[in-house]
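What follows is one structure encoded as structure tokens, with my remarks underneath.
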2 protein chains.
Amino acid sequence: MTTIRDVAKLAGVSVATVSRILNNKNNVTEKTRQKVEQAIKQTNYSPNQVARNLYKKRSKMIGIIVPYLENSFYAEIIDGIQKILQPAGYTALISFGAESDNDKYKQFIQNFEQNNIDGIITSAFDISLDNTITVPLVMYDSANIDDNIVRIASDNISGGKSCVELLGNNTRHVLIQHMSLSLPTVRERIEATIKELNHRKINYTLMEVGNPRISDDAKKAISFSPNYDAIITVNDLYAAEILKIANERNISVPQDIQIVGYDNNPISSYTNPAISTVDQHPEEIGETAANRLLKLIRGDTSSMNSITPITKIKRQSTN
Amino acid sequence: MTTIRDVAKLAGVSVATVSRILNNKNNVTEKTRQKVEQAIKQTNYSPNQVARNLYKKRSKMIGIIVPYLENSFYAEIIDGIQKILQPAGYTALISFGAESDNDKYKQFIQNFEQNNIDGIITSAFDISLDNTITVPLVMYDSANIDDNIVRIASDNISGGKSCVELLGNNTRHVLIQHMSLSLPTVRERIEATIKELNHRKINYTLMEVGNPRISDDAKKAISFSPNYDAIITVNDLYAAEILKIANERNISVPQDIQIVGYDNNPISSYTNPAISTVDQHPEEIGETAANRLLKLIRGDTSSMNSITPITKIKRQSTN
DNA sequence: CTGAAAGCGCTTACAG
DNA sequence: CTGAAAGCGCTTACAG
């Protein structure tokens with residue numbers, strides 16, 4: 001590998017001069033600049049970032065943590081992040097598979113810190129136990145919790161309410177399928193759903209999902225369907241699975257049972273009937289998170305949360 | 001940040017000794033080891049990888065390039081890669097959005113090299129113009145080309161043939177929707193499709209996709225549907241879109257027209273009818289690529305290609 | 001405007 | 001078994 005020393009030797013100058021030119025500190029003669037640029041081209045030199053990082057104590061890399069990659073929700077968030085960060089000259093180090101495992105989050109963050117990462121954008125986890133993090137950090141897919149963390153929360157209140165608004169007027173009894181209520185985001189949304197159901201005097205039943213395979217949770221939900229006229233699902237992947245099973249069992253959607261999804265996953269528009277859902281605009285979430293992180297990195301340490309808007313999408317799986 | 005020097009001072013030893021303990025060079029007294037480990041715990045010290053990388057000239061990071069994240073095909077490949085690489089102690093630097101832009105690939109690779117990356121796993125691109133890459137590199141989603149690059153190719157020959165085998169016996173005229181034939185992978189697959197069609201004396205017509213929005217290509221394809229009894233699509237995303245439009249226009253699938261997808265994207269099992277498709281086992285592709293890269297990094301520089309198997313999946317969109 | 005030197009935080013020959 | 005020193009490839013005060 002060719003180093004700055006090789007370039008300097010070839011150009012007949014010191015390494016300091018080469019460095020200055022590389023970093024556009026423009027206190028150099030045009031003549032030396034030309035010599036050096038010539039030498040750089042000739043040797044096909046490109047500077048070693050690792051050495052730079054060591055000195056500068058920053059890496060122009062940011063770490064991103066997502067629970068898993070398969071859900072396009074997260075893929076779109078990452079896209080949104082990159083849209084902002086790439087033009088700003090940052091490279092992304094992506095860790096995934098954290099799921100809901102707090103230890104994995106911590107492990108990923110430690111790895112980031114060891115690599116002199118400039119900042120972290122992570123999905124929500126219970127950070128309360130860990131006050132050793134010194135790098136700028138933004139949390140997305142979070143509940144709107146008031147602490148010293150910058151949190152990007154989707155408007156879960158409206159989202160939870162929208163799930164009810166998507167249902168037909170004659171709805172009497174709703175099954176609410178949900179992830180663990182120990183997750184603040186889930187609680188925020190489900191509480192809003194329940195509040196709206198109460199407001200409309202609609203009965204409901206809660207059913208927590210817990211199986212590793214979505215299809216098992218879907219079967220469980222559908223097997224109770226005669227008792228309900230609607231299922232508010234965890235998200236579109238669960239909704240699609242439930243719909244598939246309903247189709248197999250000749251249960252008509254929405255006549256026999258209505259199904260509400262969440263996330264406006266591409267899948268939701270391709271099913272038959274298409275699934276009524278709530279779009280969280282993940283790309284916007286990503287952009288918001290990235291912009292907040294850039295602010296933090298630049299020294300604006302205010303920790304106000306951001307709430308990103310949702311959109312209700314009515315399709316054919318509800319009356 | 002606490003450095004090795006702080007630990008050394010606290011433990012009353014030299015930095016060299018601390019370093020030895022960190023790296024398990026076990027020529028140290030049990031007593032000094034204890035002192036040092038105590039000091040490490042006390043200071044909550046964790047070594048700076050950047051400094052390590054600079055000296056060692058390797059980073060324990062590998063770079064992954066994917067065309068885009070939204071397609072779960074790539075998400076699963078990344079999962080497969082991580083399954084192998086994570087236990088081996090590597091962290092992933094992921095660049096995406098390369099699409100089919102050779103310049104972006106080069107730019108990403110240069111960025112990787114500047115960061116002392118240990119190896120690269122990239123989707124296929126035209127590398128022929130660039131012989132400056134010195135890092136171990138494996139290419140996936142590639143055609144089976146015989147050069148000095150390690151290529152992981154899906155069994156495109158069987159895949160292309162399978163598309164025809166999924167069709168009913170009475171099929172007479174097939175529309176083949178495809179990406180640019182300048183891409184070797186596409187050529188490999190389509191040629192196999194055509195060969196099998198010829199073998200069965202089935203007529204066909206080629207139609208290249210080119211619109212930024214899948215739905216435009218889908219409309220174009222479906223508008224020709226009266227002339228064909230089957231469409232072999234680019235992949236499941238295109239197939240799902242075509243199916244959706246067919247449903248809207250009351251064109252029956254598979255009675256009026258059969259549709260064949262590719263990739264066994266989750267979407268293909270949720271549509272109605274479900275889409276007949278070909279599974280490339282992306283996770284296995286990722287694992288294979290990662291294993292080959294590890295071999296390269298360890299010095300086994302043989303450049304034999306790997307061909308990963310496909311599976312034909314018959315569903316209801318074909319007769 | 002340019003160069004010699006110190007230093008970023010590590011690791012590893014080289015001595016002892 | 002342990003330490004002092006050199007060096008990984010850069011950047012930036014400090015002189016001149």
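The structure displayed is predicted, hence computed values, not measured ones. Per chain, numbering begins at 1; letters A, B, ... match sequence-line order.
- Between the CG atom of A:Leu22 and the P atom of D:dT11 there is a distance of 6 Å, rounded to whole Å.
- As rounded to whole Å, 13 Å separates atom P of C:dC8 from atom CG of B:Leu54.
- Both A:Ala16 and B:Thr17 lie close to DNA chain C; mapped to their nearest nucleotides by heavy-atom distance, the more 5′-ward contact belongs to A:Ala16.
- Per the geometry, NZ belonging to B:Lys9 stands 16 Å off C1' belonging to D:dA4, to the nearest Å.
- Between the CZ atom of A:Arg20 and the C1' atom of D:dA13 there is a distance of 10 Å, given to the nearest Å.
- B:Val13 comes within contact range of the sugar-phosphate backbone alone, with a heavy-atom separation under 4.0 Å but no base atom that close.
- B:Asn48 has its CG atom 10 Å from the P atom of C:dT11, to the nearest Å.
- The nearest whole Å value for the distance from the CD atom in A:Gln49 to the C1' atom in C:dC8 is 15 Å.
- Atom-to-atom, CG of A:Asn24 to P of D:dT12 comes out at 12 Å; the value is rounded to the nearest Å.
- Taking the charged nitrogens against the carboxylate oxygens, B:Glu37 and B:Lys41 have no contact shorter than 4.0 Å, which rules out a salt bridge.
- If you take OH of B:Tyr55 and C1' of C:dG7, they are 17 Å apart, rounded to a whole angstrom.
- Here B:Ser19 lies in heavy-atom contact (under 4.0 Å) with a base.
- Along DNA chain D, the nucleotide nearest B:Ala51 and the nucleotide nearest B:Ser14 are compared for position; the residue whose nucleotide lies closer to the 5' end is B:Ser14.
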